[in-house]
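Take a look at the structure below.
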Amino acid sequence: MDKQRDFVLRTIEERGVKFVRLWFTDVIGTLKSVALAPAEVEGAFAEGLGFDGSAIEGLTRGYESDLLANPDPATFQILPWRGETDPTARMFCDLTTPDGQPAVSDPRHVLKRTLAKAADRGFTFYTHPEIEFYLLRSSQLGPDGQPVPVDSAGYFDNVPGGTAHDFRRRSVRMLEDIGISVEYSHHEGGPGQNEIDLRYADALATADNIMTFRTVIKEVAIEQGVYATFMPKPMSGEPGSGMHTHMSLFEGDTNAFYEEGAKYQLSKTGRHFIAGLLKHANEITAVTNQFVNSYKRLWGGDEAPSFVCWGHNNRSALIRVPMYKPNKTQSTRVEYRALDSAANPYLSYALMLAAGLKGIEEEYELPAEAEDNVWTLTESERRALGYAPLPASLDHALEYMEESELVAETLGEQVFSYVLRNKRKEWADYRSQVTPFELANNLEML
Ligand code: GLU
Ligand code: MG
C-alpha cells in the first residue's frame, strides 16, 4: 500500500478522527466539502468518491455529470478549529471522470497541467502570497450603508487590546497547526484591514494553502464574534484587498531568476518571465481580478496597480522586483500586484506561470522599467512612456480574455468558456442595476 495513504489511515485510527472532509474547488474558487466517515476513506483512496458534478459551478456539462473526488493523501491535516474531541480532518481532492481521466474543469488539474509544462523545461514554480482582508463587526452594513470595520487603525499599527491583534495571533497559530507557515502578519492600511503573508512553497501547495487560509480566517472570525471578508474593495475610499504574489522559478536548487552581477541580480530568464507577464497581463486579468468589484480596487488608488509596467521597488508598478538581499540568491523574485484576494488561486497561478513561460520561450524583450510613481504622471506622459492601462472593468477584461490564445490554451476549452459565460452574466446583471451613485447624483438634478 502507498506509504502516504497508509499514514493517513493510521493517523485516523490513532487520533480517533471522526470525520474526513474531502475538499475541492469550483471554477470560481469556492471551496466545496463533503464529509466521509473514517471507514469510507480506504475506499475513497482506491476508487474515488462519486458525486454529481453538474450540481457544482462550472464542473461539467449536464450530459457528463458523474465525477469522482480522489483524495490526495499528501494534503491530510486535522482541522484545529474543530477541536480535540472527535477530530475532523481534511484532504484536497483531484477530480476525475469515471474512466479515470482528469476532469478538465478541475482548477487543481489546470494548475497541475501548467506546472507539468514548467517541469518539462526543468522548472519548479514557487509562490508566496501576501493576503489582505478586512475584519468587520459583522456582515451587516452600518446605518450609512457601508460595512463596519472592527477598528480605525492603519498600516503596521499595533492596536493594544484590539480585535485585530488577537485575531492575527490566533489565526497564525491555527495556520501553523495545519501546516501552513506564516512569514509576516500586520495591520494593513484600511480600518479593520489586515495582511498575512505565507511562506514560499511550490505553487500547488500555495494554492491549496490559500483555500485553507480563507477558511481558517473565516472560522477564527466567527469564533471571535467578527466577520472576515476577502472582497476586493469592500469600502469606497479605503484601500482594497490585494493578494500580491511573489514568484520564482527554480532549476533544482538553483534560482533561475538569479544572476550574480546582473542588474537587480535578475537573470535573463527572470527578465523574459516579467516580459511575458507584462505582455499578457490584460488577457489574464478577468481571472486574476474576476469580479465586477475587483475593478473598483484596481482603479481606486491606494497602491493597487492600474498600469502595465514593471519597476524595482516601485509600488505603483504592476510588477515589482523587490530589493535583493545580499548573499541570498534564493530571494531574487518577481512580485505580481494585480491579483486580488478573491481570485481562484489555481487558475490565477496557472495563467501567471503560463504568461511568464511564454516570455521565456519566445524570449520577449523586457521594456524599460518605470522609475517614477506612475499614478502621478499625466495621461500623455504615461502614453509616451508606454505604460498602458489595465482593463477598466470586468467587461473590458473579458474582451481581452476572449481573444487570448494563451488563456484558452492554459485553462482548456471548458474552463475558458465557462469563465467567459459566468462572468459575462455577472457583468450583465451589474449593468442592469441603478446604483446609489446614480440616484444621489441624478435623481434630484435631472
Ligand atoms: N492594498 C493594496 C492593494 O490593493 C496594497 C497595499 C500594499 O502595498 O501592501 O494592492
Ligand atoms: Mg499589503
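FYI, side chains are in, hydrogens and waters are out, and symmetry mates aren't considered; it's all heavy atoms of this structure. From a predicted model like this one, the values you see are computed outputs, not experimental measurements. Note that ligands are numbered from 1 as they come in the structure, with each ligand's atoms numbered from 1 the same way.
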Atoms of ligand 1, numbered as shown, that sit under 4.0 Å from any heavy atom of Asp302: 2 (C)
Under 3.5 Å: donor-acceptor pair, side chain of Gln290, backbone of Ile28: yes
Pair Glu361 + Lys117, salt bridge at N-O below 4.0 Å: no
Contact atoms of ligand 1, heavy-atom distance to His244 under 4.0 Å: 3 (C), 5 (C), 7 (C), 8 (O), 9 (O), 10 (O)
Side-chain heavy atoms of Tyr400 within contact of Ile284, under 4.5 Å: no
Residue Gly240 vicinity, atoms of ligand 1 by number, heavy atom under 4.0 Å: 1 (N), 4 (O)
Side chain proximity check, Met247 to Leu277, heavy atoms < 4.5 angstrom: yes
Side chain to side chain contact (heavy atoms under 4.5 Å, CB included) partners for Pro129, two or more places apart: Ile131, Leu198, Thr206, Ile210, Met243, Thr245, Tyr349
Any N or O of Glu303 closer than 3.5 Å to N or O of ligand 1: yes
Ligand 1 to Glu188 polar contact by distance, N or O atoms, under 3.5 Å: yes
Top protein contact for atom 1 (N) of ligand 1, by heavy-atom distance: Glu132 OE1, 2.7 Å
Least distance between heavy atoms, Gln193 atom then His187 atom: O-ND1, 3.1 Å
Ring centres under 6.0 angstrom apart (Tyr200, Phe250): no
Check: Phe92 main-chain N/O paired with Asp72 side-chain donor or acceptor under 3.5 Å: no
Nearest non-hydrogen protein atom, atom 4 (O) of ligand 1: Arg297 NE, 2.6 Å
Which of the ligand 1 atoms, numbered from 1, are nearer than 4.0 Å to a heavy atom of Arg337: 8 (O)
SB check Asp208 Arg108 (cutoff 4.0 Å): yes
Flag side-chain contact, heavy atom, 4.5 Å: Leu353 against Leu249: yes
Environment of the Mg ion (ligand 2) in terms of protein N/O/S atoms, cut-off under 2.8 Å: Glu132 OE2, Glu188 OE2, Glu195 OE1
